[in-house]
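Data first, discussion second: the structure below is written as structure tokens.
Basis for what follows: all heavy atoms, side chains included, without hydrogens, waters or symmetry-related copies. Here is how names work: the chains are called A, B, and so on, in the same order as the sequence lines, proteins then strands, and each is numbered from 1.
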Amino acid sequence: MSDVKKEFVQLLANYGHIGFTFVAAILIGLGGGIYLDQKVFDGRTQPWFTFIGLAFGIAAGYKSLLEILWRNKDKEKDQEKQEKPKEED
Amino acid sequence: MEHPILFISIILEKLGLPVPHGPVGHSLLEQLCAPYMTYTWLVMAFLFFVSKLTLGNLEMVPGKGQNFWELAIGGMDDFFSDNMGREMTDKFFPMIATFALYIACANLIGLIPGFMSPTSSINTTLALTLIVWFSHHLIGFKEHGLHYYKHFMGPVWWLVPLLLPIELISNLARLLSLSIRLFGNIMAKETLLAILFMLAGSFFAPLPIMILGVLVSIVQAMVFVLLTVVYFSQASEHAH
């Protein structure tokens with residue numbers, strides 16, 4: 001595989017799953033909130049746990065998004081450090 | 001989604017075994033004869049016999065077969081050790097490399113007419129995801145003992161009520177996103193191919209999608225393995 005193609009596939013693997021992870025986090029938060037409202041408290045606390053769950057879900061989505069960004073940033077820094085000494089030679 | 005022709009199902013039906021017509025059968029035998037199960041076994045047998053045949057006896061000067069495997073295994077080894085370090089790679093290489101080979105083969109096999117991808121069924125991908133999810137928690141408990149809970153607590157104590165639910169939700173989201181992404185991509189590819197084949201198969205309409213299908217298959221296998229590696233290394237790292 002040529003270098004460009006390899007980089008393309010690697011970029012897809014690194015960033016291609018951001019959207020799905022974001023949605024999954026929001027859905028899990030919302031689902032947990034609805035479950036608490038409807039099943040645990042029998043609808044007595046109706047809208048509140050749903051909203052709280054949704055808020056936590058969105059926060060978790062952003063957290064996983066930032067985690068992906070930070071991870072790749074660290075990796076790029078490491079690569080730059082490894083590449084720099086070679087240039088000085 | 002009705003698959004056009006699945007030759008293993010036809011052979012099994014001729015042999016008198018019950019092949020379910022819905023997605024899942026009722027009796028145990030019917031469940032075992034479901035297409036995604038039989039094609040899972042086909043991929044397993046393929047990987048087993050091909051590696052056995054090409055790697056029958058290792059030689060110092062590699063032949064064609066051994067050369068291929070050295071390239072594939074060496075590439076994966078570099079990839080894992082870049083992402084999670086030498087020690088972890090040595091420990092978990094057999095498991096993750098098997099996942100990579102299995103998922104890549106299972107994705108690609110669906111491009112051949114008469115075959116289907118076992119990964120286009122949510123049962124297969126969910127099983128793979130559950131293995132990864134439980135083993136990354138096991139690694140965490142093994143490395144840190146009971147202090148593993150600190151991974152879910154955030155940096156300072158007064159942020160715990162805020163960060164604990166967030167961490168738990170994002171951890172559970174891994175389960176959902178990892179399984180549904182692989183399943184969704186591969187099922188979409190299969191369905192699109194089948195529809196295009198029915199609509200304009202004689203004008204080679206599925207060809208461009210097949211080229212995309214090769215890319216999607218490889219990228220999805222790589223995403224799954226990359227995320228497995230990342231989860232494993234995060235579980236073994238120290239908390240913040």
Closest heavy-atom contact between B:Ser177 and A:Phe20? CB-O, 4.0 Å
Can you tell which part of [X] gets under 4.5 Å to a heavy atom of chain A, answering side chain, backbone, both or neither?
X	value
B:Gln220	neither
B:Leu172	both
B:Val230	side chain

How about CZ on B:Phe204, more than 12 heavy atoms from neighbouring residues, nucleotides or ligands closer than 6.0 Å, or not? no
Please determine whether the number of non-hydrogen atoms from other residues, nucleotides or ligands lying under 6.0 Å from atom OH of B:Tyr148 exceeds 12. yes
Residue by residue, which of residues 102-113 of chain B have a heavy atom closer than 4.5 Å to a heavy atom belonging to chain A? none
I need the contact set between residues 22-29 of chain A and chain B: heavy-atom distance under 4.5 Å, sorted by residue number. A:Ala24, A:Ala25, A:Ile28, A:Gly29
Taking only residues two or more places apart in sequence or in another chain, which ones pass side chain to side chain donor-acceptor pair (under 3.5 Å) with B:Asn171? B:Trp133, B:His137
Go through it in stages, so that I can follow the logic: the residues are B:Arg181 and A:Thr21, the test is side-chain contact (heavy atoms from CB on, under 4.5 Å), and I'd like the CA-CA distance, side-chain angles, deciding distance and then a yes or no. CA-CA 9 Å; B:Arg181 177 179 41 246; A:Thr21 317; 4.2 Å; yes
Based on non-hydrogen pairs under 4.5 Å, which of B:Leu215, B:Leu162, B:Leu163, B:Leu175 is most in contact with chain A? B:Leu162
side-chain contact (heavy atoms from CB on, under 4.5 Å) partners for B:Leu168, two or more places apart: B:Phe152, B:Leu164
With the side chain counted from C-beta on, respond yes when B:Leu178 and A:His17 share a heavy-atom pair under 4.5 Å apart, and no when they do not. no
